[in-house]
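Scroll down for the structure; my scribbles are underneath it.
Residue numbering restarts at 1 for every chain, and letters A, B, ... go by the order of the sequence lines. Below, each value reflects all heavy atoms present in this structure, side chains not excepted, and no hydrogens, waters or symmetry copies.
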Amino acid sequence: MIEKTYQPADIESRISAAWEAAQAFRAGRPERRDAKPYCLVIPPPNVTGSLHMGHALNNTLQDILCRFERMRGRDVLWQPGTDHAGIATQMVVERQLLERQQPSRRDMGREKFLERVWAWKAESGGTIVNQLKRLGASCDWSRERFTMDEGLSRAVLRVFVSLYNDGLVYRDKRLVNWDPTLLTAISDLEVQQVEVRGHLWYIRYPVEELPDAYITVATTRPETMLGDTAVAVHPEDERYAEFVGRHAVLPLVGRRIPIIADDYSDPEKGTGAVKITPAHDFNDFEVGRRHHLAQINVLDTEGNLDLAGNSAFLEGVPQSAELDETLKLHGVDRFIARKTIVARLEAAGVLEKIEPHTHMVPHGDRSGTVIEPFLTDQWYVDAKALAVHAIDAVRDGRTVFVPKNWEKTYFEWMEKIQPWCISRQLWWGHQIPAWYGPDGKVFVAETEEEAVARALAYYAETEMITPIEGRDMALDPERRTPFLIRDEDVLDTWFSSALWPFSTLGWPEETEELKRYYPTDVLVTGFDIIFFWVARMMMMGLHVMEKVPFHTVYIHALVRDERGAKMSKSKGNVIDPLDLIDAYGADALRFTLAAMAAQGRDIKLAKSRVEGYRNFATKLWNACRFAEMNGCAAVPGFDPRSATETLNRWIAHETVHAVREVTEGIEAYRFNDAAAAVYRFVWNVYCDWYLELAKPVLLGPDGAAKAETRAMVAWVRDEILKLLHPFMPFVTEELWAVTASADADGAMEATPAPVSQKKGAASRAKPSGKASKTGSRSASAKSTAKSTAKRSAESEPADPPPSGNGGAGAGRATLLALASWPDLPGLENADAEAEIGWVIDLITAIRSVRTETNVPSAAQLPLVLIGASASSRERAERWAEFINRLARLSAISFADTPPRGAVQLVMRGEVVALPLAEFIDIPAERARLTKEQAKADADIARVDAKLGNPDFLARAPEEVVEGEREKREEALARHEKFAEALERLKGVE
RNA sequence: GGGCGCGUAGCUCAGCGGAAGAGCACUACCUUGACAUGGUAGGGGUCACAGGUUCGAUCCCUGUCGCGCCCACCA
């Protein structure tokens, strides 16, 4: 028995439990062992995160695909899991420590701190998973993985070591993007360019060889001048030709630096002379290499000036009072130092001018602080080498992007890819498996034992072990091994994410799952992580597995706020999907996201849409109730092809049409089209017309027609539940179960569905606070009480439903989630379509004219068909009862001319008259007819313009021309009918 | 500077070569025995602008104007 009111909250948790109990989403279910596998890996959310709108969209689309393919019989593995999210998670925990005034990360030490992070992971790690379950994500939750699992960690080590051995991972000293707040290097992708209004400072550097001459450089970063090692001008810049080869004397420092010619210098920018600071600028670094300039790092890791005791800085600089003054800036923050230096330059009279200047400044995407190009040793992946195959794979179509235009973005980035800096100076993550010997020699191995063994072998052959500063050279007396120090750094989180499609399937073990499900089928993700993740999975998948990780990459839009801005906590414009689920149900949210997921466009989410689709779920609910109340129950073995009633043949025809639209929509990743198709079918076809037209039969006397109609109502309902299930899994599963129990009541050979049994118990056991607030409590309480009484008379099956039974005709032995997707050959029926189409058009026309002429809705009018053809006459007689009911008629008759005072309308070229002398307003009626006639005239004019064009007749395809001719005939006939009608109206006056 | 995308009904968006569509909002009527989270009917759009291709353009091409995003760039 279906509850009177649709309350999503009541249903959802119960249905989730039923799926879980039946292990409905487990991959490799026994009955599907021979089925074709279908695999998706979830984009792993941050383990300590919570569900946001992007997740909701991303996972809704994946779930639609998975449920669809599962119903089509595939052996589906939707692989779930979470990501350790190195920087983000470490930051959260550090903030907690600060807030609780507990010892800082450094105070407590690495081991204790990591314990602390694991504890936080244990505490909050379930949140996102539960939220995904609330959304209805049909992942195989028994296979949940975490990027720092033992297995996945082993995969990370294995890949790192193998890349190192292949020379694709290496250590290098070069400039990196350094985050002075987080004290770690970050990759290019983690740097955000932010427009900043700053200044350009013009500084005069005296030229040593030419008294009173100077060269002016412009800079946005005066503080880095302390590390200048040259001034560069363009080789062809005549203004500075005489300076090249001479030297400038660095103000405030006194260092003598060469003036060099390099075409990096752009005569258009600044003064055309640019200061070169190789240790603090990526471009200058390259210039410095070309000219063998010293690299003078004048900052420490936290972004403070590092001067005193800095041998590189002091080398070759003469003692002076000026220098002594500058050395006082040691330890001062870079931005404070900037001000001081500018003031001192001004005091020294070398500050030529200051201009306002807007430019892009790199910021860390996590910390928000200004990134410092910084000279350090880091680990890199030779991305360029790996990218070659990843580019080829997309070029030759082994992997395709949907929509296709993202391939261009992918290529563009891949083709100019830079070395990927993978080391992070963090603690939370996969520690790099590299050990250093006393002489700095690196040993990379999966285990410490192996590294030690390699070191022993190495040092056995090496007589000389050169001591290096600060390192203890003694051999470990216990183990008699060289003293090795493990690299403290961890790997970029995306390194482990890049392995996700195979590491989650058990690699490096050769597991059954790996063989069966790799390569996976589709990756569904947002365009914002094409570079971070998709590109790197392509590289790693091809390198490690030698096969693309997925055949298709479906790129969906970003969910934005109603103004189109990216949702972010800092902007405060976040809509919490959980709030929407609470308010309207997960099904409504899912349907909204699917309906709005048109390719190539961002989603600006409007709450009203969600509400509208909640109403849609309610509509479905009530349609099912209607069916139930009218004894419409699935008839085992019912074959819709055997239907004889035209109405039933028509709805079967329409069902086929809807099935095709929905199927093709999902297959083409056109989720919005699929959603729109099922929406239209359910509401505008099944509810608005089929059920309305079926009412006279269902309310009429028993007999063959009624039995057939009942069976058909239930059959179409079931097809609808299937079609809608990928979009709205909860309400459909619920209705599937509940209607099954109705079937049982109806003495059909249906199996009672345990789901609905449990449901009664659950909703009685703990009525939710919400339910009692709705006001419909009393109604639903009554119906619950009734159904409870009924149910308690039935036997309660103790076991969960036998799963996986294909449900061959017999009731609901299976969950809807495991039912078969509709495949309905042989149901098209053009005759039924034509006939019911005629009925619908007639009813619509009558309703329209009734409203326009202000006929009270309760009034029952007679209808006269004027000069009806034989077929129209037959149809009218056959459908009289139906038309009368829906158009509120008293009777239908036939005549050659309309009665006096009748309103006349034209429907499919025939005149229909409604004698309503008592309601008719002659002037208004004339106006109405004239307007209709004008419409016909406009149509004729438009068509004539085309048909009068010889080029059109000559060049347009035959059927188009023919179509125009038909339109003209139709419009002409319409014009005539209205002309006649107007003529007759004159007779009335 | 390089690239991508968007300007269609009041709002949020589909459609993308042969007579302008949906949801929400709006107007009128309807407590009809599934549903007022509903029903019926209706109003509302020179599809940003200008050229071009075509028998035909909201749809293809070019340009202009607005808007957004990505990448690069600290003189």
Side-chain angles (χ1 to χ4, degrees), chain A residues 2 4-6 188 193 196 198 200-202 217-221 224 232 265-266 268-275 280-283 357 359-362 370-371 373 405-406 408-409 412-413 416 527-528 530-531 558 560 562 564-566 584 592 595-596 598 600-609 611-630 672-673 676 679-680 687-688 691-692 695 699 844 847-852 854-858 885-886 888 938-939 942-943 945-946 949-957 959-961 963-964 967 971:
Chain A
I2 303 175
K4 181 156 170 48
T5 318
Y6 164 57
D188 300 344
Q193 302 292 339
V196 170
L200 251 187
W201 286 273
Y202 289 76
V217 298
T219 180
T220 56
R221 300 204 54 193
T224 62
S265 179
D266 181 350
E268 305 292 313
K269 284 186 183 172
T271 61
V274 58
K275 64 195 259 322
H280 293 289
D281 182 282
F282 288 99
N283 291 312
H357 181 70
H359 60 141
M360 302 298 270
V361 178
V370 176
I371 291 304
N405 57 311
W406 289 110
K408 182 157 187 170
T409 307
E412 214 151 281
W413 187 72
K416 55 177 184 181
F527 63 80
D528 52 331
I530 290 178
F531 305 145
L558 244 44
R560 299 174 181 278
E562 56 237 292
K566 208 167 167 173
Y584 304 108
T592 307
M596 296 185 79
R601 191 169 186 146
D602 287 342
I603 295 178
K604 288 188 227 164
L605 192 71
K607 237 181 179 179
S608 58
R609 273 310 266 274
E611 191 178 338
Y613 291 122
R614 188 274 318 270
N615 296 352
F616 174 57
T618 304
K619 186 74 183 178
L620 173 75
W621 185 267
N622 283 307
C624 291
R625 279 185 68 218
F626 171 80
E628 182 186 74
M629 291 163 79
N630 284 281
N672 56 319
D673 286 351
Y679 183 94
R680 264 198 307 273
C687 291
D688 288 351
L691 292 184
E692 291 304 327
K695 278 178 182 175
L699 299 171
T844 306
R847 282 169 170 173
S848 181
V849 85
R850 285 181 65 121
T851 306
E852 283 175 43
N854 293 315
V855 174
S857 34
R885 179 191 168 86
L886 294 184
R888 302 207 156 235
D939 288 346
R942 185 160 21 77
V943 175
K946 280 194 180 185
N949 180 347
D951 285 334
F952 174 72
L953 297 176
R955 301 184 194 232
E959 60 272 21
V960 172
V961 176
E964 292 299 318
K967 276 180 211 162

Say you draw a straight line from CZ of A:Arg885 to CG of A:Leu699; how long is it, rounded to the nearest 0.5 Å?
-> 6.0 Å
Just how far is it from atom CH2 of A:Trp621 to atom CZ of A:Arg614, taken to the nearest 0.5 Å?
-> 13.5 Å
Could you check A:Asn949 against A:His280 and say which one's nearest nucleotide on RNA chain B is further toward the 5' end?
-> A:Asn949
Along RNA chain B (nearest heavy atom to each residue), the more 5'-positioned of A:Arg221 and A:Leu699 = A:Leu699
When we call it a touch if two heavy atoms are under 4.0 Å apart, what does [X] touch: a base, just sugar-phosphate, or nothing?
X	result
A:Ala623	base
A:Asn283	sugar-phosphate
A:Cys687	base
A:Arg625	sugar-phosphate
A:Met596	sugar-phosphate
A:Pro950	nothing
A:Ala954	nothing
A:Ser265	base
A:Glu611	nothing
A:Pro856	nothing
A:Val217	nothing

Round to a whole Å and report the spacing from [atom1] of [X] to [atom2] of [N].
X	N	atom1	atom2	answer
A:Ile530	B:rG3	CD1	P	18 Å
A:Arg885	B:rG39	CZ	P	15 Å
A:Arg850	B:rC30	CZ	C1'	11 Å
A:Leu620	B:rU37	CG	P	17 Å
A:Asp939	B:rG18	CG	P	18 Å
A:Arg680	B:rA14	CZ	P	15 Å
A:Glu692	B:rC35	CD	P	11 Å
A:Leu886	B:rA34	CG	C1'	15 Å

Using purine N1 to pyrimidine N3 plus N6-O4 or O6-N4 for Watson-Crick, or N1-O2 and O6-N3 for G-U wobble, each under 3.5 Å, what pairs with [N]?
N	value
B:rC69	B:rG3
B:rC55	B:rG18
B:rC24	B:rG10
B:rA75	none
B:rU46	none
B:rG38	B:rC30

Using the six-membered ring wherever Trp is involved, compare the ring planes of A:Tyr679 and A:Tyr613 and label them parallel, tilted or perpendicular (cut-offs 30° and 60°).
-> perpendicular
Counting side-chain heavy atoms from C-beta on, which of [options] comes nearest to [X]?
X	options	value
A:Asp688	B:rA75, B:rC35, B:rU40	B:rU40
A:Arg888	B:rU32, B:rC35, B:rC73	B:rU32
A:Ser857	B:rG18, B:rU12, B:rC29	B:rC29
A:Thr851	B:rG18, B:rA41, B:rA22	B:rA41
A:Val943	B:rA19, B:rA75, B:rC55	B:rA19
A:Arg847	B:rA19, B:rA22, B:rU40	B:rU40
A:Asn615	B:rU12, B:rC4, B:rG38	B:rG38
A:Lys967	B:rA34, B:rC29, B:rA19	B:rA19
A:Tyr679	B:rU37, B:rG23, B:rA19	B:rG23
A:Phe531	B:rA41, B:rC70, B:rC4	B:rC70

[X] (side chain) donor-acceptor with [Y] (main chain) under 3.5 angstrom:
X	Y	result
A:Ser265	A:Gly272	yes
A:Arg850	A:Arg888	yes
A:Glu628	A:Ile2	yes
A:Arg847	A:Leu886	yes

Looking only at atom [atom1], what distance separates [N] and [M], rounded to whole Å?
N	M	atom1	result
B:rG7	B:rU58	P	15 Å
B:rC47	B:rG15	C1'	10 Å
B:rG38	B:rC24	P	7 Å
B:rG18	B:rC26	P	34 Å
B:rG52	B:rC67	C1'	25 Å
B:rC73	B:rC61	P	32 Å
B:rG1	B:rC16	C1'	32 Å
B:rA9	B:rG42	C1'	14 Å

Measuring to OP1 and OP2 of [N], would you say a side-chain N or O of [X] lies under 4.0 angstrom away?
X	N	result
A:Ser608	B:rC11	no
A:Lys408	B:rG5	no
A:Arg955	B:rC55	yes
A:Lys275	B:rA75	no
A:Lys619	B:rG39	yes
A:His357	B:rA75	yes

Nearest atoms (heavy-atom pairs only) where A:Asn672 meets A:Ala595 | CB-O, 3.2 Å
Where is the tightest heavy-atom contact between A:Pro373 and A:Asp281, given as atom of each residue plus distance?
-> CB-N, 4.1 Å
Is the charged tip of A:Lys695 near the ring of A:Phe626: under 6.0 Å from the six-membered ring centre and within 45° of its axis?
-> yes
